[in-house]
Amino acid sequence: MAVPFITEVKRTHTCGQLTKANIGEEVVLFGWVQNRRDHGGAVFIDLRDREGLTQVVFEPDIAKEAHELAGQLRLEYCIGIKGKVASRGTQVNPKLKTGEIEIKATELTIFNRSEPTPFLVEDNIDTAEDKRLAYRFLDLRRKPLQQSLMTRSKMNAITRSYMVDNRFLELETPFMGKYTPGGARNFLVPSRLNPGKFYALAESPQLYKQLFMVAGFDRYFQIVKCFRDEDLRLDRQPEFTQIDVEMSFVTQDDIFTIIEGLIKKLWGEVLGIDVPTPFMRMDFYESMAKYGNDKPDLRFALEHIVLTDLIKQHGAGGGVPMMWEAVEQGGIVKAMVVPADKPMSRAESDKLEEFAKQNGAKGLARAKVGEGGEWTQSPLSKTITPALRQAINQACNAKTGDLLLFQFGRESLVHTVMANLRVHVAKKLGLIPEYGSGGVWKFLWVVNPPLFEYDEETKTWAAAHHAFTRPHDEDVQYLLTDPGRVKCHRYDVVLNGFEIGGGSIRLHDPKVQAEVFKALGISDEDARAKFGFLLDALKFGAPPHGGIALGMDRLAMLLTGAESLRDVIPFPKTKTGTDLMTGAPGDVDDKQLRDVHVRPVPLPQK
RNA sequence: GGGGAGUUAGUUCAGUUGGUUAGAACGCCGGCCUGUCACGCCGGAGGCCACGGGUUCAAGUCCCGUACUCCUCGCCA
């Protein structure tokens, strides 16, 4: 009597598949109860699987038994049904792909009942994120997450086929490697067989992929997990996925072409959008000046105006002592214009100051430009000389009603505050197009950054990227005399304010390499101890090579319009790196610790 | 490590200047209903107000601390 679902009665279709072309067919669907509408006489069920929803109707005069059982159905029961596809006549549901049909059920089996779920499995969930993470397996039943993960699967497939078509080999590298200093903090794995020693989880396959080039593999790629023990953000997880690429015998442009082709294909096949190539290129220093960071969102203007030189010219006589002092102490002065056609109330601009302070600023000087170029609503207006005011107005191309925002002081802080302010204001003014409604995709390469950064704390030069980045040939002469001047073949690919990838042409000339180490204050012995195997490798006919890594999670986030990386990672971690579902990281027992020769240090009492 | 926001029913939220028995919606339970698709109608259960101190005649409400979550600066070659 009972229909043997699964063993003999096999699924014939998914829940997103049937249309009026199938009317009259006998079908079998498996899935979950998304919704029920029990009219007593007729029971309607929306059956869900990853492909969509299909309405199933149980009526007593069609199948008495199934109808009675259907009365027991509740949300999220896992069931199988058999029945006939029928037209809904005039009662179509335009919201569903399958909205023109329904299944008149003749058989029903309940595979598994469900307790009431801690939150409703629905598309537009507003449940707190920690509860969703604690029951991630339920959260993952929701359509947006299902679609994100299906998109990721597609991205992986597209990437593999594109890379393989372009002669790339997918080669694997170890997760557990040797700790190398510098860069991100590593996760450490104690070695049981080697007491007191530790592996480091790879923060990227950087060194290994260079060795592939030395070995002659020529073109390598890998979709690979990377691990970094740094603080999390909405676009940063402790473990994340990169599309890692390395190529021999190439220039920077060759790498750009490959990556532009990949992105074009991803956007084309996933979104049906044609991304124009080649991407725009912007000098690192231009990006810092105009946007305050090296990952500008070019979907809107609101460019910064650097006023440092202007303030310098007017000197102490300019009438704005605070700006003058900032410049004298080696700082910079920047301005930004909130245009008059997007007026901002006094209260709103006061909130901007709050925002600036949250980002580390001491305050936010503002001025509203009046008819004759005079400044109002500004403490600056009392002391500033007309000449400087006019010069600033001119530099900012300020018009009546514009609101000028100023930041001055330490260069890095001014950049950070103004960069965040720029994005914040753009959001407030509605300058950023919504995803989906004609979403705008502004790709660019940020190129020619400095090879070194000056570390204020240690008063030394440090590698801005890593110690194996190739400097511009014409700058090699300054490596030791003027390190800050040396630019390098490093590049970031940026989309809508997110760094989606970065890489460099590597140093393969041992002579220049030695000079770079010298500039960094790394002795031969240090270099040998830290990077010995790579230095050795470079001595044996290493080919010129370079590469790049794209952040797969960020790409997926942008492609799907997700607001957080957590929405494109199946099992993400919280801000503090915990997994609320499994409880990781968790305690281990003493024996396990003894096995790996580790003893926890008690936390200091507060 | 610094700054900010939050925590009230299973979920999302409301809760007045501190003042009787802490409310609503959805979900859940029981009943009715043959054309719903946010189904509808009737009835019901469900709360250590995150935790620990304090102020007060009286604390969900005020103060201090802790935990957790989120945002952000630092950090992330």
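Just so we're on the same page: letters track the sequence lines, and every chain starts at 1.
- Between K357(A) and S87(A), it is K357(A) whose nearest contact on RNA chain B lies nearer the 5' terminus.
- Remark: F44(A) engages H39(A) in a ring pair (Phe, Tyr, Trp, His ring centres under 6.0 Å) (not counting sequence neighbours).
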Are there any protein N/O atoms within less than 3.5 Å of an N/O atom in nucleotides 68-70 of chain B, and if so, which ones and at what distance?
unit_1 : atom_1 : unit_2  : atom_2 : d
U69(B) : OP1    : T574(A) : OG1    : 3.1
U69(B) : OP1    : T576(A) : OG1    : 3.3
U69(B) : OP1    : T578(A) : OG1    : 2.9
U69(B) : OP2    : T576(A) : OG1    : 3.0
C70(B) : OP1    : K575(A) : N      : 3.0
C70(B) : OP2    : K575(A) : N      : 2.8
C70(B) : O3'    : R566(A) : NH2    : 3.3

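- When the C1' atom is used for both G47(B) and A22(B), the distance is 8 Å, rounded to whole Å.
- Each of E453(A) and A128(A) was matched to the nucleotide of RNA chain B holding its nearest heavy atom; the match closer to the 5' end belongs to A128(A).
- Counting to the nearest Å, the C1' atom of U36(B) and the CD1 atom of I45(A) are 11 Å from each other.
- In this structure, CD of E115(A) is placed 11 Å from P of C29(B), rounded to the nearest angstrom.
- Nucleotides U69(B) and A24(B) are separated by 32 Å at their P atoms, to the nearest Å.
- Rounded to whole Å, atom P of A38(B) lies 12 Å from atom CG of D123(A).
- Side-chain atoms of K131(A) lie closest to U11(B) of the nucleotides U36(B), U11(B), G74(B).
- The side chain of Q55(A) lies closest to C37(B) when the candidates are U34(B), C37(B), U72(B).
- Here E102(A) lies in heavy-atom contact (under 4.0 Å) with a base.
- Taking the six-membered ring where the residue is Trp, W445(A) and F256(A) present parallel rings, their angle staying beneath 30° rather than reaching 60°.
- The residue N93(A) sits close to a base: some heavy atom pair falls under 4.0 Å.
- A salt bridge does not link R566(A) to D553(A): none of the charged side-chain nitrogens sits closer than 4.0 Å to a carboxylate oxygen.
- Rounded to whole Å, atom P of U34(B) lies 10 Å from atom CG of D38(A).
- The partner of G40(B) is C32(B), by the rule that a Watson-Crick or G-U pair needs both atom distances under 3.5 Å.
- In this entry A25(B) has U11(B) as its Watson-Crick or G-U wobble partner, both defining distances falling under 3.5 Å.
- Rounded to a whole angstrom, the distance from the C1' atom of G19(B) to that of C13(B) is 24 Å.
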Just distance, no hydrogens or angles: give the donor-acceptor pairs under 3.5 Å from side chains in residues 113-122 of chain A, sequence neighbours left out.
unit_1  : atom_1 : unit_2  : atom_2 : d
R113(A) : NH1    : Q72(A)  : OE1    : 3.1
R113(A) : NH2    : Q72(A)  : OE1    : 2.8
T117(A) : OG1    : F119(A) : O      : 2.7

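- Atom CD1 of I103(A) and atom C1' of C37(B) are 15 Å apart (whole Å).
- When both pairing distances are held under 3.5 Å, G18(B) makes no Watson-Crick or G-U pair with any nucleotide shown.
- Residue N420(A) places at least one side-chain N or O closer than 4.0 Å to OP1 or OP2 of C73(B).
- Annotation: ring pair (Phe, Tyr, Trp, His ring centres under 6.0 Å) contacts of F175(A) (sequence neighbours excluded): F227(A).
- Counting non-hydrogen atoms under 4.0 angstrom, K362(A) reaches nothing in the nucleic acid.
- A salt bridge is absent between K84(A) and E102(A): the closest approach of a Lys/Arg side-chain nitrogen to an acidic carboxylate oxygen does not fall below 4.0 angstrom.
- Taking the side chain of R236(A) as heavy atoms from C-beta on, and the options U34(B), C76(B), C39(B), the nearest nucleotide is C76(B).
- Remark: ring of F119(A) does not overlap the six-membered base ring of U11(B) in a stacked fashion, as centroids less than 5.5 Å apart with planes less than 30° apart are not both met.
- To the nearest angstrom, P of C33(B) lies 19 Å from CZ of F58(A).
- Checked against salt bridge (charged side-chain N to carboxylate O under 4.0 Å, His left out), K64(A) has the following partners two or more places apart in sequence or in another chain: E68(A).
- R233(A) has its CZ atom 9 Å from the C1' atom of C76(B), to the nearest Å.
- Distance noted for atom P between C71(B) and U66(B): 22 Å (whole Å).
- Residue H39(A) and nucleotide C39(B) are classified as a stacked aromatic pair, their ring centres being separated by less than 5.5 Å at an interplanar angle below 30°.
- Among G74(B), U36(B), G10(B), the nucleotide with an atom closest to any side-chain atom of R88(A) is U36(B).
- Here the nucleotide nearest the side chain of E230(A), chosen from C33(B), C75(B), C37(B), is C75(B).
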Tell me which donor-acceptor pairs under 3.5 Å the side chains of residues 568-580 of chain A have, and how far apart each pair is, sequence neighbours excluded?
unit_1  : atom_1 : unit_2  : atom_2 : d
K573(A) : NZ     : E239(A) : OE2    : 3.0
T574(A) : OG1    : T576(A) : N      : 3.3
T574(A) : OG1    : T576(A) : OG1    : 3.3
T574(A) : OG1    : T578(A) : N      : 3.3
T574(A) : OG1    : T578(A) : OG1    : 2.7
D579(A) : OD1    : M581(A) : N      : 2.8
D579(A) : OD1    : T582(A) : N      : 3.2
D579(A) : OD2    : T582(A) : OG1    : 3.2

Between side-chain atoms of residues 490-497 of chain A and protein atoms elsewhere (two or more places apart, or another chain), which donor-acceptor pairs fall under 3.5 Å?
unit_1  : atom_1 : unit_2  : atom_2 : d
R490(A) : NH2    : D492(A) : OD2    : 3.4
Y491(A) : OH     : S504(A) : N      : 3.3
Y491(A) : OH     : S504(A) : O      : 3.1
Y491(A) : OH     : G547(A) : O      : 2.9
N496(A) : OD1    : K442(A) : N      : 2.9
N496(A) : ND2    : V440(A) : O      : 2.9

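- OP1 or OP2 of C39(B) has at least one side-chain nitrogen or oxygen of R37(A) nearer than 4.0 Å.
- Nearest nucleotide to the side chain of P118(A), out of G10(B), C76(B), G35(B): G10(B).
- Contact check, Q91(A) against U36(B): a side-chain N or O comes under 4.0 Å of OP1 or OP2.
- Comment: D46(A) engages R37(A) in a salt bridge, judged by a side-chain N to carboxylate O separation of less than 4.0 angstrom.
- Between the CG atom of L138(A) and the C1' atom of U11(B) there is a distance of 13 Å, rounded to whole Å.
- Ion pairing between a basic and an acidic side chain is recognised when a charged N comes within 4.0 Å of a carboxylate O; E246(A) and K209(A) show such pairing.
- Comparing the C1' positions of G65(B) and U72(B) gives an interatomic distance of 24 Å, to the nearest angstrom.
- Residues passing the ring pair (Phe, Tyr, Trp, His ring centres under 6.0 Å) test with W461(A) are Y454(A), sequence neighbours excluded.
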Sort me out a list of protein N/O and nucleotides 26-28 of chain B N/O pairs below 3.5 Å, or just none if empty.
none

